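Below you'll find the structure, written out as structure tokens, and then a few comments.
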Amino acid sequence: MLQELLYGLAGLAVFVIGLRGALLHDNWLLRLLSLNVCGAGVFITFVAIAYRGLTLPADPVPHALVLTGIVVAVSAMAMALALGRRLRSYDD
Amino acid sequence: MMINDAIVWLIAIPLLASLLSLVFPKKGTAIAIAGSILGLLASVALVYQVYQSGPITHELGGWKDGLGIVLRVDAMSALFIVMTMLVVTMVGFYASAYFTDAHKKAQFWPLWLMMVVALIALLASGDLFNLYVTLELLGLSAVGLTALSDNRAAVQAAIRYLGIGLLGSLVFLMGVALIYTAYGVLDLAMLATVVEAEPAAQLALALMTAGLLIKSALFPMHFWLPAAHANAPAPVSAALSALVVKVSVYLIIRLWFDVFSPVLQPTASFMLGVLGALAVVWGSWQALRAERLKLMAAYSTVAQLGYLFIFIPLVMAFPVGEERNTALAAFLLLALTHAFAKSALFLSSGVVLQRAGHDRIAELGGTARALPLTIFVIALAGVALIGLPPSGSFLGKWYLISSAVQTGQWWWIVVIAMGSLLAAGYMFRILGHAFGPDESIGKVMAKGSEEIPALILALTATVVLGFGSAWMWDFVNLASPLAGN
């Protein structure tokens, strides 16, 4: 129980750190990196809440959700980087 | 039966069309138009089905008890779906004439149809995680469409839009994680039966609402909207303003009143109402000061979304039952009217922009002579945005005012009156310039395929919804979960 709580709270902490960066940075690249950190926080929380004690196997639902979430986050980030390159090409 | 699976077809057809238009880029326009028309017919069948037999639940693939994906449609989602399909079909006709470059068309259709899939799937989703996935799908396709305008400002707006969208989704997802920790369910109907007024549920609702507020651009989170909506290509701006922001508002209403009703606090709903009121005043004021037609239309969206949020404290004030359903029907009427009027306005702005080569309001002199039908459509859209009779928003605002009196919340009336006055100001300013004597815009011709879809949308907002919306009040009463069905 304590372990689950620790992991969950760590996830929340990472989420808040990422959120702070995403809101405060002016540079779009830093903002994207912060969003990645923020996303990692959400995913850690999901992994932590799947824990159901030593006797039971982990709850598969949050794990399935995390996988979907990671796929979405990766594709969004790829798109952001592609747009960033487009933006650079206008400046050159 | 085909007709009983209308909701499945509504998602499958645009999805298939999107993939086909990617594989056969040269046939993209034909595929998209055919897909949109089929989808529009299916959405009418869906409304008929819900009208006849009440809210529907469809378990995809027959997986029971929350194992598979559940689709649910009630009066509110059915009306939003038919609105989406009508706007998408009309804007699709317009877009087939707007984009002249074959390469641009090949990029446009797959993204456009994917946006339609995301919109419909979001409106029909019955559980929290699918809502997150469809929100992301919608955000990504909308960003791709915004970036289709090949200029620096549009790409910059697209990156900002993407960042904001991701932020909103992640905050929403954190709320979903909390809900799963506390209750172990994601299905909306099951959640509604177990949720209680406790800190975990309150925090989760606060997080999900915050994520959705960013996406629905409620004041003061509206800062990203004008740039994104004003710089996107005209058909995209129309869909972004009319549909994409509106489904987030839909989702807030759905979560607040159908799922989390035991958790709600009057203070929180009052806060949302106040932000809505500020959005009405600030958005209308900025629209009045805007120098460009599309920027004015984008600020007007900020203002019009504000009215929808003023409904929240008013709906809260009514007990569950017929009175609350009537308030909800008025909300729907205002949302639908805005969708049709704003898409018509953006399409007409696109025609002006393409023919005159600019959309600076002060230099629009002579446009009324060169493009009479387009200016007529702008005037019709103005009737609906101001809320003059016989538009649907006249009825919606009328109801908004009378329920403010009924529940003793008179201060909203001041805001509504101010917003309508400012809206009259910004619409008449355009018409004043358009009827001006200058000859800055020469002899030009607009294609019927561009002006007629805009005209149909504007007429739907003013005449059809004004005179033909009586059945909507019964419909919401008969087929909404709030009615206890």
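Please read all numbers here as calculations on a predicted model, not as lab measurements. Residue numbering restarts at 1 for every chain, and letters A, B, ... go by the order of the sequence lines.
Of the two parts of A/A22, only the side chain, counted from C-beta on, holds a non-hydrogen atom closer than 4.5 Å to a non-hydrogen atom of chain B. At a 4.5 Å heavy-atom cutoff, B/N130 makes no contact with chain A through either its backbone or its side chain. In this structure, chain A has no heavy atom under 4.5 Å from any part of B/I164. For A/L23, the part sitting under 4.5 Å from any heavy atom of chain B is the side chain, from C-beta outward, and nothing else.
Other residues, nucleotides and ligands contribute only 12 or fewer heavy atoms inside 6.0 Å of the CZ atom of A/R20. For B/W282, the CH2 atom sits in a loose shell: 12 or fewer heavy atoms of surrounding residues, nucleotides or ligands are nearer than 6.0 Å. Counting non-hydrogen atoms of neighbouring residues, nucleotides and ligands closer than 6.0 angstrom, the OH atom of A/Y7 reaches no more than 12 such neighbours.
Listed here is the closest heavy atom pair of A/M79 and B/L162: C-CD2, 4.3 Å. Looking at every heavy atom in both residues, B/L170 comes nearest to A/F15 through O-CE1, 4.0 Å. Between A/L35 and B/G163 the shortest heavy-atom distance is CD1-O, 3.6 Å. Taking each heavy atom of A/P62 and B/Y180 in turn, the nearest pair found is CG-CE2, 3.5 Å.
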Derivation and outcome, side chain to side chain contact (heavy atoms under 4.5 Å, CB included), residues B/V143 and A/L83: CA-CA 10 Å; B/V143 169; A/L83 284 174; 3.6 Å; yes
CA sep, side-chain torsions, deciding dist, call: A/L19, B/L167, side chain to side chain contact (heavy atoms under 4.5 Å, CB included): CA-CA 8 Å; A/L19 202 60; B/L167 188 68; 3.4 Å; yes
Test side chain to side chain contact (heavy atoms under 4.5 Å, CB included) applied to A/L12 and B/M174, step by step: CA-CA 9 Å; A/L12 263 178; B/M174 200 63 187; 3.3 Å; yes
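For A/R86 (side chain) and B/A147 (main-chain N/O), a donor-acceptor pair under 3.5 Å exists by modelled atom type.
Proximity of B/L173 to A/F43: side-chain heavy atoms (C-beta onward) are separated by under 4.5 Å at one or more points. Two residues are said to be in side-chain contact when any heavy atoms from C-beta on lie closer than 4.5 Å; B/Y132 and A/L65 fail this criterion.
With respect to chain A, the highest number of heavy-atom pairs below 4.5 Å among B/L166, B/V133, B/L137, B/L178 belongs to B/L166.
Counted by atom type alone, B/N151 and A/Y90 present zero donor-acceptor pairs between their side chains at under 3.5 Å.
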